[in-house]
Structure formats: structure tokens, C-alpha cells
Protein chains: 2
Amino acid sequence: MRSEVVNRPFAQAQEQLRTAGLRPTRQRLGLARLLFEREHRHVTAEALHGEALDADMRVSLATVYNTLHQFVRVGLLREVVVSPGRSYFDTNTGDHHHFFFEGSGTLADIPTDSVELRRLPAAPGGTRIGRVDVVIRLEDDSQ
Amino acid sequence: MRSEVVNRPFAQAQEQLRTAGLRPTRQRLGLARLLFEREHRHVTAEALHGEALDADMRVSLATVYNTLHQFVRVGLLREVVVSPGRSYFDTNTGDHHHFFFEGSGTLADIPTDSVELRRLPAAPGGTRIGRVDVVIRLEDDSQ
DNA sequence: ATTAATGCAAAATCTTTGCACTTTC
DNA sequence: GAAAGTGCAAAGATTTTGCATTAAT
């Protein structure tokens, strides 16, 4: 592989960050690649930090937190709150809902069209609906 | 008021705890009265502890946490997770959903029949649905 | 050069735990 | 008196912050 060849995934991540108005720094690029170069995923800050270290990136946990929140702010990620004292970040920012496996503490997307939300209440005065979160909590089937 | 007259609310709380299999201790009784003698409410451990102190009860924050979780375990309360790093406890254990006001960090019940959930996905193999939580996140209408 | 981002360690939150003491049954 | 519950302070866990250093434009 010739070194002057453009590194595709890298260039893509760079573009993605620029578009979002974030400087494509080494850490943000690295984290973006971990997050977005595969299938949609759900990560905790701690888990992503672990992956980064495994991939020999040098990044602090504080920067991982900061970066995840920046990504949420610019719409690259969505934060999912399902468990007290732990934040999950979802690379799927589209309209969809979640299974939460209480046993393992993991999340899975629910295809949009397998939940149908009929009739929503009106937003109370002075507010507007920002998002509707549906979480289906699953317990181990101790049949 | 004659001292031998039965204190109704107190007796009710006592009964409620006994039925749930919890010893009616001074702290549990006091917290139960704060929680259940009024309309349904959403409290944090910290807020409930504050109320207890205001009412001149002597109870530690640790005991408030323990008690809230015990109440959840026996079905007297329901825990609602909407915000990272803060647990809310809901005295309404019936089937219903929530508004979450992002601005103030407060919760409100949504009447059951103003949300209709049609079509739910089947629980993945080895699991069963424990609960379905719907949270409608409200933002301040900066119109 | 200028401006923004990072790393680190420290702090801030929120929650749980260990154990001696107290209360309930 | 036996068993369960409480208080306190300490520890845990997760997340945020302050500030000097480093990197990107």
C-alpha cells in the first residue's frame, strides 16, 4: 500500500467531523472511526475508552466523555438513559426505540415499524415534544 | 384530640408496610406517610430526605435510599430512569407513562389512555417483557 | 499566531456498603 | 432475646471541571 494513497475511512471521518463543525483532531477522528465505521452500536464511555486503548489510541476518559457529548450535541450520536448511573450512546440517531436487557445491561435497537405509537398527548403549555423514548425492559425468562 | 384515639393515617401506613412484608419502623412509616398520603408524586431520594428533615423526622440519606429501594422491591414504588445520575421514584405503580421536562428536570404522569401503544415486538428468545416505558421529553417552547 | 482541544488529576454527584448501635417482634 | 433496621461515615461508581500543555487552523 503506497503511503500517498488516500485513507478512505479516515477521510470520511474527517469530512463527517468538519461537516458537524468539529475540528478533526486525532482523538475525535479515532473515536469517530470506532463509533461509525461499523454497524450501529450502543456504547458506554468506559467501554469506548477501553476500545480506544485496545486500539493503541492515546485518549483520556475525560476526553471520551467530552467527545461523546459533543457528538450528541451535533447530532452524530444519541444518548439513551435506561439505567441509573450509566449513560449509553447510540450511533443510530434515526427514529427508533430500544430493548434493554436488564440481565446483561445491554441495549438493542427495535426496528421502527415493530412499535406503533398511536395517539400522543399534546405537549403541556409552554413546551414542545423533543423526543419520545420507548424502552422495552426485558428480563431473563426464568421459565 | 384525645391521645387514645387511633391515628388514622398512621395506622394505614402501618398496615401498608405489614402487608408488604416490611417491618413498620419509625423511618419507614414516616417516609411512607410523606410518599403515600397525598396525590401521586415523583421524588428523588435527596428531595424526600429534605422533606423528612423539614418534618422533623430523624432519618439518614442512606436509609432513605435503602427504604426507597425496598419500596420498589415490594411494589409500593416504581423507579423511573430519565436522567443520567438521578433516580426518580413514582408513587403511581399503575400502568402509565411520563412527561419529562428537560428544563426543570421534573416528571409528570401521562394519563394511560392518552398514549396508545399499538403493536409491540416479541421479546427476543430467552427473555420476557418486564415493562414498557414511554418517556416524552419536553423542551421549553422558545417560540 | 490564534484558537480550540486534550490530559490529568481533582472535584462533584449520586448511590451503596460495613459495622456498631438501636428498635421491633 | 433474636432478628431486622438504622445511622454514620467511608467507599464506590460515574461523570464533570480547571488549568496547564499540546495540537489544529
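By convention in this document, chain letters (A, B, ...) are assigned in the order of the sequence lines, proteins followed by strands, and residues within each chain are numbered from 1. Side chains are part of it too, since the values below use all heavy atoms of this structure and drop only hydrogens, waters and symmetry mates.
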Rounded to whole Å, how long is the line connecting atom [atom1] of [X] with atom [atom2] of [N]?
{"X": "A/Asn66", "N": "D/dT17", "atom1": "CG", "atom2": "P", "result": "9 Å"}
{"X": "B/Gln14", "N": "C/dC25", "atom1": "CD", "atom2": "P", "result": "7 Å"}
{"X": "B/Glu46", "N": "C/dT13", "atom1": "CD", "atom2": "P", "result": "10 Å"}
{"X": "B/Leu22", "N": "C/dC25", "atom1": "CG", "atom2": "C1'", "result": "15 Å"}
{"X": "B/Leu53", "N": "D/dG7", "atom1": "CG", "atom2": "C1'", "result": "13 Å"}
{"X": "B/Arg73", "N": "D/dA4", "atom1": "CZ", "atom2": "C1'", "result": "12 Å"}
{"X": "A/Leu61", "N": "C/dG7", "atom1": "CG", "atom2": "P", "result": "11 Å"}
{"X": "B/Gln70", "N": "C/dT17", "atom1": "CD", "atom2": "P", "result": "12 Å"}

(message) Is it the case that over 12 heavy atoms from other parts of the model lie below 6.0 angstrom from the CZ atom of A/Arg58?
(response)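 Open.
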
(request) Please check if atom CD in A/Glu139 has more than 12 non-hydrogen atoms from other residues, nucleotides or ligands closer than 6.0 Å. (result)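 Atom CD in A/Glu139 is crowded, with more than 12 foreign heavy atoms closer than 6.0 Å.
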
Look at [X] and [N] and indicate whether a side-chain polar atom (N or O) is within less than 4.0 Å of OP1 or OP2.
{"X": "A/Arg58", "N": "C/dG7", "result": "no"}
{"X": "B/Gln27", "N": "D/dG7", "result": "yes"}
{"X": "A/Thr63", "N": "C/dA5", "result": "no"}
{"X": "A/His69", "N": "D/dT15", "result": "no"}
{"X": "B/Tyr65", "N": "C/dT15", "result": "yes"}

(message) Both A/Val64 and B/Ala62 contact DNA chain C. Taking the nearest nucleotide for each, which residue is further toward the 5' end?
(response)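 Going by which nucleotide is closer to the 5' end, it is A/Val64.
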
(request) Establish whether A/Leu76 and A/Tyr88 are linked, either directly or via other cluster members, by ILVMFWY side-chain heavy-atom contacts under 4.5 Å. (result) no

(request) For the pair A/Arg118 and A/Glu116, find out whether any cationic side-chain nitrogen is under 4.0 Å from an anionic carboxylate oxygen. (result)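 Salt bridge flag = yes for A/Glu116 with A/Arg118.
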
(message) Can you confirm if the aromatic rings of B/His96 and B/His98 lie within a centre distance of less than 6.0 Å?
(response) yes

(request) Tell me what B/Thr44 touches on the nucleic acid: a base, only sugar-phosphate, or nothing, going by heavy atoms under 4.0 Å. (result) nothing

Distances for protein N or O near nucleotides 21-25 of chain D N or O, under 3.5 Å:
{"residue": "D/dT25", "atom": "OP1", "partner": "A/Arg18", "partner atom": "NH1", "Å": "3.1"}

(request) Taking B/Arg119 for its side chain and A/Asp113 for its backbone only, find out whether a donor-acceptor pair lies under 3.5 Å. (result)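 It does hold such a pair.
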
(message) Using the rule side chain to side chain contact (heavy atoms under 4.5 Å, CB included), only one of B/Glu79, B/His42, B/Arg41 pairs with B/Asp90; which is it?
(response)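 Checked B/Glu79, B/His42, B/Arg41 against B/Asp90; only one passes side chain to side chain contact (heavy atoms under 4.5 Å, CB included): B/His42.
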
